[in-house]
Structure formats: C-alpha cells, structure tokens
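Note that the numbering runs from 1 along the sequence shown for the chain.
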Amino acid sequence: QVQLVESGGGLVQAGGSLRLSCAASGRTFSILTMGWFRQAPGKEREFVATIDWSGGSTSYADSVKGRFTVSRDNAKNTVYLQMNSLKPEDTAVYSCAARTSPGLRVGPGGYDYWGQGTQVTVSS
C-alpha cells in the first residue's frame with residue numbers, strides 16, 4: 001500500500017502563486033509515476049500534470065502549461081506542484097495520485113493510489 005498526503009492549498013488572489021506538496025509513504029519503491037488532478041464543484045475530475053518518478057519526464061494539461069510546474073524529490077518521497085499566475089478557474093480540490101505501472105498517464109483510471117486532496121481557491 002501507498003499513502004499520499006497533500007498539503008499547501010489555500011486562498012489566493014488571482015495572479016498569485018501556491019505550491020502544493022504530496023508526501024508518499026508505505027511501499028514507495030513501487031511508485032513509477034505521480035500525477036496531479038483537480039475537481040471543481042459540479043465538474044468531473046481533470047488531469048493537471050504528471051511526472052515520471054525516476055527520469056523526471058513530465059506532461060501537463062493545456063490549461064496549465066506554462067503556469068504550473070511539477071517536480072519531485074525522491075529522497076523525500078514528495079512531489080510538488082508549483083502554481084503561478086493563478087486564475088479563478090483554477091479553483092478546485094487538488095489531489096495527487098500514484099501509479100505503479102510504467103508510463104505517464106493523463107487519465108485518472110491509470111492510477112492506483114490517491115490522496116484526500118487539498119482545496120485551492122483563487123479569488124478574482
């Protein structure tokens with residue numbers, strides 16, 4: 001089993017920045033890919049970013065490309081999501097997910113473990 005705990009969410013004004021963290025514990029050696037997803041009220045969960053755990057390859061949703069950066073610290077078993085130039089439409093619950101199979105995935109169905117999520121609210 002892998003446990004994931006997100007932190008760093010909060011309330012920020014449009015144009016501001018936040019950095020989310022996702023700390024993994026348990027069978028972390030089984031993690032090959034980490035992803036960030038978000039879900040706004042009344043909307044389906046959507047892909048935000050993903051990173052390969054070993055090589056650092058990344059992929060982003062078009063809506064966040066150029067504003068968000070995903071990174072990882074293998075020694076700390078932690079993945080980060082740096083969010084800059086935030087917009088009100090970025091408001092959502094952000095969750096991290098871990099995948100134990102190789103390859104980056106943008107669909108939530110490709111992930112095996114999920115955190116509880118952290119709320120990000122961007123005011124206009």
Side-chain angles (χ1 to χ4, degrees):
Q1 292 291 330
V2 173
Q3 294 78 42
L4 304 172
V5 178
E6 302 95 338
S7 61
L11 174 64
V12 64
Q13 288 189 330
S17 298
L18 281 175
R19 189 178 81 155
L20 305 183
S21 300
C22 173
S25 61
R27 298 172 61 88
T28 57
F29 60 85
S30 66
I31 298 174
L32 297 181
T33 302
M34 295 288 290
W36 284 98
F37 292 79
R38 66 186 182 186
Q39 187 166 20
K43 294 188 177 181
E44 292 193 356
R45 179 180 287 169
E46 67 170 342
F47 166 74
V48 176
T50 183
I51 185 166
D52 175 81
W53 197 243
S54 58
S57 298
T58 59
S59 180
Y60 296 91
D62 287 343
S63 58
V64 307
K65 204 171 291 183
R67 299 189 298 124
F68 291 10
T69 302
V70 61
S71 61
R72 87 269 189 246
D73 185 331
N74 297 58
K76 295 182 178 180
N77 290 321
T78 299
V79 65
Y80 304 97
L81 185 68
Q82 178 67 43
M83 305 185 296
N84 299 329
S85 302
L86 283 162
K87 305 174 181 180
E89 51 264 43
D90 293 320
T91 295
V93 174
Y94 284 71
S95 300
C96 66
R99 173 177 165 81
T100 58
S101 300
L104 300 179
R105 288 294 184 269
V106 301
Y111 292 80
D112 305 292
Y113 302 98
W114 291 84
Q116 291 299 309
T118 184
Q119 177 70 47
V120 171
T121 303
V122 184
S123 63
S124 56

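- No donor-acceptor distance shorter than 3.5 angstrom exists from the side chain of Asp73 to the backbone of Thr78, with no hydrogens or angles considered.
- When every heavy atom of Ala40 is checked against every heavy atom of Ala92, the shortest pair comes out as N-CB, 3.8 Å.
- Within the model, atoms CD of Glu89 and NZ of Lys43 stand 8.5 Å from one another, a figure rounded to the nearest 0.5 Å.
- Put simply, OG on Ser85 and CZ on Arg67 are 7.0 Å apart, with the number rounded to the nearest 0.5 Å.
- Side chains of Ser95 and Gln116 form no contact here, defined as non-hydrogen atoms less than 4.5 Å apart.
- Under the 3.5 Å distance criterion, with hydrogens and angles disregarded, no donor-acceptor pair is assigned to the side chains of Asp52 and Thr33.
- Cluster partners of Tyr60, using a side-chain heavy-atom cutoff of under 4.5 Å among ILVMFWY residues and allowing indirect links, are Val2, Leu4, Val12, Leu18, Leu20, Ile31, Met34, Trp36, Val48, Ile51, Trp53, Val64, Phe68, Val70, Val79, Leu81, Met83, Leu86, Tyr94, Tyr113, Val120, Val122.
- For the pair Arg99 (side chain) and Ser101 (backbone), a donor-acceptor distance under 3.5 Å is present.
- Listed for the Gln13 side chain is no donor-acceptor partner under 3.5 Å among the backbone atoms of Ser123.
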Begin with the C-alpha distance, continue with both residues' side-chain angles, and end with the deciding distance and a verdict on side chain to side chain contact (heavy atoms under 4.5 Å, CB included) for Glu46 and Arg38. CA-CA 5 Å; Glu46 67 170 342; Arg38 66 186 182 186; 2.6 Å; yes
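- Surrounding NZ of Lys65 are more than 12 heavy atoms belonging to other residues, nucleotides or ligands, all under 6.0 Å away.
- Here the straight-line distance linking atom OG of Ser59 with atom CZ of Arg105 works out to 11.0 Å at 0.5 Å rounding.
- Side-chain contact between Phe37 and Thr50 is absent, with no heavy atoms from C-beta onward closer than 4.5 Å.
- Here the shortest heavy-atom pairing between Trp114 and Pro108 reads CZ2-O, 3.4 Å.
- A distance-only check finds a donor-acceptor pair linking the side chain of Glu6 to the backbone of Cys96 [under 3.5 Å].
- Atom CG of Asn77 and atom OG1 of Thr28 lie 4.0 Å apart (nearest 0.5 Å).
- Taking CG from Leu11 and CD from Gln119, the interatomic distance works out to 9.5 Å, rounded to the nearest 0.5 Å.
- Remark: Arg27 CZ to Gln3 CD distance equals 11.0 Å, nearest 0.5 Å.
- In this structure, Thr91 contributes its side chain and Thr121 its backbone to no donor-acceptor pair below 3.5 Å.
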- [ ] Given side chain to side chain contact (heavy atoms under 4.5 Å, CB included), test Ser57 with Leu104 step by step and report yes or no.
- [x] CA-CA 8 Å; Ser57 298; Leu104 300 179; 4.2 Å; yes
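- The shortest heavy-atom contact between Gly56 and Arg72 is N-NH2, 3.7 Å.
- By the 4.5 Å heavy-atom criterion applied to side chains, Tyr80 and Cys22 are not counted as neighbours.
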